[in-house]
Amino acid sequence: MRFILILILFCFSNIVFAQQSDSKLAYTYYQNKEYVKAAEMFLQLYERTRASYYLDYHIISLINAKEYDSAEKTLKKYLKTDDNNKDFLVNLGYIYTQQGKTNKAEEYFNRAVKKLIPYENDIHSLANKFRNIREYNWANKTYLKGRELLNRPLAFTAEMGDNYMMDRDYDNMFALFVEALLQNPEKLSTITSKLSFARSYDVNGNADKVIASQLEKIFRQKDYPSVFDELGVWYSLQTGDYTQAFNHAVKLNAKNTDKLYIYIDIAHEAANARKYDIARQAYQRVIQKGKEENPYYYTARKEILNCKYRQYDQAQPPVENYRNLVSECKDFLQETGYSNANADIIVLTSDLYAYHLSLPDSADQILQKGIGIKRLNTLTLDILKSKRADLLTYMNNPWEAVILYTQIEKANPNNDIRYEAKLKKARLAYFEGDLLWAKAQYDVLKGSTSKLISNDALQMSHFLNMNYEEEGDNSDLERLATTEYAVYRHQSEEALPVLDSLIQNSSAGIADYAALVKSGVLLSQHQDQEAALILEKLAKASGQTYIRAKAIFELANLKNRTDQKQQALGLYQQLVSDYSGSVYSVEAGKIYRELEKTIKNEKITPVN
């Protein structure tokens, strides 16, 4: 008996192996478009296993080979033995659609629907069969018949909406998604995912027009369910209408007590889009609710401080604004304490003191207090140390800065923080005029796993290799490095005359790089037009490819930031198409796609 059992298992394993091998070969034939061979093998596999997907592939292979008569003959043969088999009926109908025999196709599709039984899995199975051959109308007829059989008039609502979506019938799609939300508001995230899918594949913007107009009708109704305010928030964020999103959040929170997180979401996205006034209003709404039973209170308190800083950084506010902000940061730290969770506010307070109030000693005290926090996690400690090293570099204390960067390197042998510290050490060596050592470090850092670090290193490595003279005079390059250090230390008034001299009197490579540095100084001073003129000249006339690419990228960012979106779009596209090998092309591609989406959304009539 034991021998017989082993023999049976051995034979069974051989059969399974042979079946897998034949299946793989059949799919290989299919992928190689050898459809007649594929059809033959799939039929053999079906007859051996009775697995319906093999028969599907047999029929599809015959259709691709335009062997319609063979496909029809095969199916009719099987229908004689099993005329209730809906797979046979649908496949036969599909054959007729491929031949343009619409009436005959509908006859067999209708026969399949009539064969349905009042069993949910059977209904889904047939509907999916129709979906697989893109007969979305018949898939919905299947679901409608299923409603009758199950005596459930609201069943399959979302599934029918999916079919309308795939058929690009957005009016019916949205109507059914609304019905689905009325039945089950908890399905909102599922519905928004489907709407995102519809929008992403609708190149003509028809889905957006339907969503906007239908939401507008809902919002004109009295006492509509609050889930539609949440849907309104989602859609307004998709189209970049942050004011409208905020208005819906206000209505939503008037009806619910557990939706404060919506304000946080809106504020986060609005701040990323540089809509700081809306972001601050949203955070303020959370703060106004007070601390009690408000898990988002301290998050809002922190983020509104960061938001104010980012907003000030985009303009030239009075120094008093920075003084008030640093006072708010200190009050927050005094109230909540120096901790891991507050590392971002510690850094923000330090930056305000050092770079906006010209009080670097106060900034250093803040960072040292942060570094001294007990049980500080390693990552936060290294971030604070790195910020202090940056500050010491700014304070013209390079030796102590190098010590801190070296500590960070040694403490992080296997992550990107190490490479960032090495990059900053190389930059400091460059500032100090140790060009040969800096060049060697940049050459090594080109292979960093971090794209941002490797890109920065690649640019500096290329610049130094192109302009450093092993046996010659490097005085202009040393002057440029020293001047860049002055720019880093916010000594722009001293740096600008030197940059102008280098632009006029240096070799082309150094002159163009100096012009690029000058444009950065002008941008930091919000002299956008003057900066743009320099960048435009470099983009057209520089003999250095990487200088042209950098100039185009900075010019595109400037146009984007100042709402000249169409011009920005053209510049990002130029980087992608003409400078595909540059370090900026990938980032330009990402921004291009987002900006293209934003421009498209701005053309849609906003929901009132």
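Just so you know, these numbers use all the heavy atoms, side chains as well, and skip hydrogens, waters and symmetry mates. The first residue in the sequence is number 1, and the count goes up from there.
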Is the distance between the ring centroids of [X] and [Y] less than 6.0 Å?
{"X": "H248", "Y": "Y235", "answer": "no"}
{"X": "Y584", "Y": "Y579", "answer": "no"}
{"X": "F197", "Y": "Y201", "answer": "yes"}

With a 3.5 Å distance limit and no angle check, can you tell me whether [X] reaches the backbone of [Y] through a side-chain donor-acceptor pair?
{"X": "S519", "Y": "L516", "result": "yes"}
{"X": "T192", "Y": "S189", "result": "yes"}
{"X": "S577", "Y": "Q573", "result": "yes"}
{"X": "T482", "Y": "E478", "result": "yes"}
{"X": "N412", "Y": "N415", "result": "no"}
{"X": "N321", "Y": "P317", "result": "no"}
{"X": "S542", "Y": "L538", "result": "no"}
{"X": "S350", "Y": "I346", "result": "no"}
{"X": "N467", "Y": "L477", "result": "no"}

Can you list the residues that meet the side chain to side chain contact (heavy atoms under 4.5 Å, CB included) rule with S585, with sequence neighbours excluded? S582
With sequence neighbours left out, the residues meeting side chain to side chain contact (heavy atoms under 4.5 Å, CB included) with D277 are Q311
Any ion pair linking [Y] and [X] (charged N to carboxylate O, less than 4.0 Å)?
{"X": "E409", "Y": "K425", "result": "yes"}
{"X": "K275", "Y": "E269", "result": "no"}
{"X": "D476", "Y": "R479", "result": "yes"}
{"X": "R323", "Y": "E320", "result": "yes"}
{"X": "E594", "Y": "K590", "result": "no"}
{"X": "K424", "Y": "E420", "result": "yes"}
{"X": "K387", "Y": "D351", "result": "yes"}

Sequence-distant partners of Y485, ring pair (Phe, Tyr, Trp, His ring centres under 6.0 Å), two or more places apart: F431
Non-hydrogen side-chain atoms of [X] and [Y] separated by less than 4.5 Å:
{"X": "Q407", "Y": "I403", "result": "yes"}
{"X": "I417", "Y": "L379", "result": "yes"}
{"X": "Y442", "Y": "L423", "result": "yes"}
{"X": "S386", "Y": "L404", "result": "no"}
{"X": "L381", "Y": "I373", "result": "no"}
{"X": "L231", "Y": "W234", "result": "yes"}
{"X": "Y405", "Y": "D390", "result": "yes"}

Using distance alone, with no hydrogens and no angle criterion, decide if [X] and [Y] have a side-chain donor and acceptor under 3.5 Å apart.
{"X": "T380", "Y": "N377", "result": "yes"}
{"X": "H356", "Y": "Y309", "result": "yes"}
{"X": "T239", "Y": "D241", "result": "no"}
{"X": "R280", "Y": "Y276", "result": "no"}
{"X": "N465", "Y": "S461", "result": "yes"}

Give a yes or no on this: more than 12 heavy atoms of other residues, nucleotides or ligands lie within 6.0 Å of atom [atom1] of [X].
{"X": "H268", "atom1": "NE2", "result": "no"}
{"X": "K259", "atom1": "NZ", "result": "yes"}
{"X": "Q316", "atom1": "CD", "result": "yes"}
{"X": "Q504", "atom1": "CD", "result": "no"}

Identified side chain to side chain donor-acceptor pair (under 3.5 Å) counterpart of Y513 within the set K550, E484, Q544: E484
Heavy-atom pair of closest approach, residues [X] and [Y]:
{"X": "L348", "Y": "C329", "result": "CD2-SG, 3.8 Å"}
{"X": "S236", "Y": "Q244", "result": "OG-CG, 3.3 Å"}
{"X": "F553", "Y": "A588", "result": "CE1-N, 4.3 Å"}
{"X": "L428", "Y": "A401", "result": "CD2-CB, 4.0 Å"}
{"X": "A481", "Y": "L435", "result": "CB-CD2, 4.3 Å"}
{"X": "A556", "Y": "A568", "result": "O-CB, 3.5 Å"}

Geometric class of the Y394/Y355 ring pair [parallel <30°, tilted 30-60°, perpendicular >60°]: perpendicular
Could you tell me how the ring of Y322 sits relative to the ring of Y312: parallel (under 30°), tilted (30 to 60°) or perpendicular (over 60°)? perpendicular
Residue among I534, L533, D528 satisfying side-chain contact (heavy atoms from CB on, under 4.5 Å) with L522: I534
For E587, salt bridge (charged side-chain N to carboxylate O under 4.0 Å, His left out) partners two or more places apart: none
Results of salt bridge (charged side-chain N to carboxylate O under 4.0 Å, His left out) for R388 - residues two or more places apart only: D364, E400
Pick from K302, K330, K291: which one makes a salt bridge (Lys or Arg N to Asp or Glu O under 4.0 Å) with E335? K291
From CA spacing to verdict: side-chain contact (heavy atoms from CB on, under 4.5 Å), L260, Y297: CA-CA 9 Å; L260 281 177; Y297 174 79; over 6 Å; no
Provide the full list of salt bridge (charged side-chain N to carboxylate O under 4.0 Å, His left out) pairs with a residue in residues 494-518, sequence neighbours left out, each pair given once. D500-K518
For I591 and N557: C-alpha separation, side-chain torsions, deciding distance, then whether side-chain contact (heavy atoms from CB on, under 4.5 Å) applies. CA-CA 9 Å; I591 301 173; N557 289 341; 4.1 Å; yes
Kindly indicate, with the supporting measurements, whether the criterion side-chain contact (heavy atoms from CB on, under 4.5 Å) is fulfilled by Y468 and F463. CA-CA 8 Å; Y468 181 79; F463 169 67; over 6 Å; no
Go through it in stages, so that I can follow the logic: the residues are N397 and T393, the test is side-chain contact (heavy atoms from CB on, under 4.5 Å), and I'd like the CA-CA distance, side-chain angles, deciding distance and then a yes or no. CA-CA 5 Å; N397 188 351; T393 303; over 6 Å; no
Does K369 count as lying over the ring of Y338, i.e. NZ or CZ under 6.0 Å from the six-ring centre, within 45 degrees of the axis? yes
